[in-house]
Amino acid sequence: TTKRPLRVMIAGAPAAGKGTQCEKIVEKFNLVHISVGDLLREQVQQGTPAGKKAKDFMDQGVLVPDEVVVEMVKSRLAGDDVQQRGWLLDGYPRSASQAEAIEAEGIRPDIFLLIDVPAELLVERVVGRRMDPQTGAIYHLKYKPPPAEIMDRLVQRSDDTEEKCKTRLETHFKNVDSVIGYYRDCLCEIEGDHSMEAVASAISAALDQAYAKIGDPLEDF
Ligand code: AP5
C-alpha cells in the first residue's frame with residue numbers, strides 16, 4: 001500500500017531559518033512548500049488588490065489582516081499538487097484566528113516544527129540576509145557568503161532593517177504561544193542555533209519519524 005504524503009507546519013521567529021530549512025526539506029521529501037511571506041511578496045510585486053492591502057502591514061512588520069491571508073492559504077492548500085505531494089506550510093498560522101480558520105476545514109499537520117533561536121541571534125541574521133533576485137537564493141553575508149560575482153545584484157528585503165526586525169520579533173513572540181496551543185500533540189521543537197546542516201539533520205530525523213507514524217490508507221480510518 002502507498003502511504004499518503006506528509007503534512008508539515010514550520011514556524012519560528014523572523015530569520016530563525018524557516019526558508020533555509022524548507023529548501024532542504026523539499027529536496028528530501030518533495031513536499032509542496034507554501035511560504036505565506038513569499039506568496040504575499042509576489043502579490044505586492046504584482047500590485048494585485050491583495051498585495052496593495054498587504055504592503056503597509058508587511059513594511060511595518062505586523063501581521064497582514066486575515067481577510068487577505070486566510071483565503072490565500074486555503075486555496076493554495078486545495079491545489080492538486082498539494083493533495084498529491086503533501087504540504088510544508090511556512091509562516092501560517094501566525095495567530096489563534098488563523099489556526100481556527102483551518103481547523104474548521106479539518107486541516108491539521110502530522111508534525112508542527114518550531115525552530116528555536118535565541119532572540120539576540122535573530123537581529124544579526126536579519127540584517128545580514130541578502131537575496132539573489134535572479135534565482136531567489138538566500139544568502140547571509142557572514143554565515144552563507146554569496147559568490148563574489150553575484151554580489152552586485154543582491155537585494156535586501158525592505159523589512160530587513162534592525163528597527164523593523166524588532167517589530168517583527170515582537171509580533172512573533174506575542175502570538176507564538178497561542179498558535180502552539182493548537183498543535184501540542186504534534187509539536188516538535190528544533191534547536192535552531194546550530195549550523196544549517198545540523199539543524200537540517202535534526203529536522204530530517206523528526207520528519208522520518210512523523211512519516212513512519214502515518215498508517216497506510218486503510219488504517220487511517
Ligand atoms: P515571512 O517572509 O514569513 O518572514 P519571517 O517570518 O520574518 O521569516 P523570514 O523570512 O525573515 O526568515 P526565515 O525564518 O525564513 O529565515 P531564513 O531561512 O531566510 O513574513 C514576512 C511578513 O509577511 C510578515 O512580517 C507579515 O507582515 C507577513 N506575513 C507572513 N505570514 C503571515 C501570516 N500568516 N499572517 C499575516 N501576515 C503574514 O534565514 C535568515 C538568514 O539567516 C539568512 O540569511 C540565512 O542564510 C541565515 N541562516 C539560516 N539558518 C542559519 C543558521 N543555522 N546559522 C546561521 N545563519 C543562518
Side-chain angles (χ1 to χ4, degrees), residues 9-26 33-45 50-51 53-74 76-77 88-102 113-119 121-132 136-146 154-162 164-176 178-179 190-203:
M9 285 180 181
I10 187 163
K18 301 180 292 296
T20 301
Q21 295 302 325
C22 283
E23 207 177 300
K24 296 177 191 284
I25 296 170
V26 167
H33 178 208
I34 305 172
S35 159
V36 178
D38 287 350
L39 289 176
L40 288 169
R41 278 185 289 277
E42 268 167 39
Q43 301 284 322
V44 171
Q45 217 180 7
K53 274 193 203 157
K55 187 175 185 310
D56 284 346
F57 296 96
M58 296 178 78
D59 281 344
Q60 287 168 41
V62 298
L63 294 182
V64 173
D66 283 0
E67 64 188 77
V68 177
V69 171
V70 171
E71 280 313 312
M72 198 179 79
V73 170
K74 277 202 228 163
R76 189 63 192 91
L77 280 170
L88 171 59
L89 191 51
D90 166 4
Y92 187 100
R94 292 202 197 221
S95 63
S97 64
Q98 291 186 3
E100 288 289 348
I102 52 170
L113 297 168
L114 179 66
I115 308 186
D116 272 328
V117 177
L121 290 182
L122 295 168
V123 176
E124 191 197 15
R125 286 200 190 174
V126 162
V127 296
R129 171 167 47 194
R130 295 293 182 278
M131 204 253 296
D132 180 352
I138 303 294
Y139 295 96
H140 191 282
L141 295 178
K142 180 167 163 192
Y143 299 114
K144 194 181 177 187
L154 298 182
V155 295
Q156 193 170 14
R157 249 166 64 178
S158 62
D159 59 349
D160 272 356
T161 62
E162 191 167 339
K164 286 174 183 171
C165 173
K166 289 206 175 112
T167 316
R168 287 159 62 200
L169 285 174
E170 278 167 24
T171 306
H172 170 77
F173 287 111
K174 197 175 70 192
N175 288 310
V176 65
S178 64
V179 172
I190 301 283
E191 286 180 19
D193 54 344
H194 302 292
S195 71
M196 297 176 202
E197 293 72 27
V199 177
S201 54
I203 289 178

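Note that the numbering runs from 1 along the sequence shown for the chain. Scope of the values below: all heavy atoms of this structure, side chains included, with no hydrogens, waters or symmetry mates. One-based numbering, in listed order, for ligands and for the atoms of each.
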Exercise check, heavy-atom protein proximity under 4.0 Å to atom 24 (C) of ligand 1: no

Residue part near ligand 1, for [X], under 4.0 Å between non-hydrogen atoms:
X	value
V64	both
R157	side chain
S195	backbone
H172	neither
Q21	neither

How far is [atom] from its nearest protein heavy atom, and which residue and atom is that?
atom	result
atom 34 (N) of ligand 1	G91 O, 2.8 Å
atom 54 (N) of ligand 1	R125 NH2, 3.4 Å
atom 53 (N) of ligand 1	H194 O, 2.8 Å
atom 28 (C) of ligand 1	L40 CD1, 3.7 Å
atom 13 (P) of ligand 1	K18 N, 3.4 Å
atom 39 (O) of ligand 1	T20 OG1, 3.7 Å
atom 19 (O) of ligand 1	R129 NH1, 2.6 Å

Do you know the tightest heavy-atom contact between [X] and [Y]?
X	Y	result
P14	L169	CD-CD2, 3.8 Å
T171	G61	OG1-O, 3.1 Å
S95	V179	N-CG2, 3.4 Å

Just checking [X]: does its [atom1] atom have more than 12 heavy atoms from other residues, nucleotides or ligands closer to it than 6.0 angstrom?
X	atom1	value
E23	CD	no
K74	NZ	yes
K53	NZ	no

Give, for atom [atom1] of [X] and atom [atom2] of [Y], the distance between the pair rounded to the nearest 0.5 Å.
X	Y	atom1	atom2	value
D90	L39	CG	CG	9.5 Å
I115	D193	CD1	CG	11.5 Å
Q43	K55	CD	NZ	14.5 Å

At less than 4.0 angstrom from any non-hydrogen atom of [X], what atoms of ligand 1 do you find?
X	answer
Y92	34 (N)
G19	13 (P), 15 (O), 18 (O)
R41	2 (O), 21 (C)
Y139	43 (C), 44 (O), 46 (O)
M196	46 (O), 48 (N), 50 (N), 51 (C), 52 (C), 53 (N), 56 (N), 57 (C)
Q98	33 (C), 34 (N), 35 (N), 36 (C)
V62	26 (C), 27 (O)
P14	5 (P), 7 (O), 8 (O)

Worked verdict on E170 versus K166 for salt bridge (Lys or Arg N to Asp or Glu O under 4.0 Å): CA-CA 6 Å; E170 278 167 24; K166 289 206 175 112; over 6 Å; no

Would you say [X]'s side chain and [Y]'s backbone share a donor-acceptor pair under 3.5 angstrom?
X	Y	result
Y92	Q98	yes
R129	I138	no
R168	D159	yes

Test side chain to side chain donor-acceptor pair (under 3.5 Å) applied to D116 - qualifying residues, sequence neighbours left out: none

Ligand 1 contact by A16, heavy-atom criterion under 4.0 angstrom: yes

Candidate with minimal heavy-atom separation from atom 20 (O) of ligand 1, of E124, M58, R94, E197: R94

Option with minimal heavy-atom separation from atom 47 (C) of ligand 1, where the choices are H140, R168, E191: H140

All pairs passing salt bridge (charged side-chain N to carboxylate O under 4.0 Å, His left out) where residues 91-102 contributes a residue, at least two apart: none

N or O pair under 3.5 Å between [X] and ligand 1:
X	answer
R130	no
A15	yes
I138	no

Test applied, side chain to side chain contact (heavy atoms under 4.5 Å, CB included); reference residue, R130; option that passes from K144, Q156, R157, H140: Q156

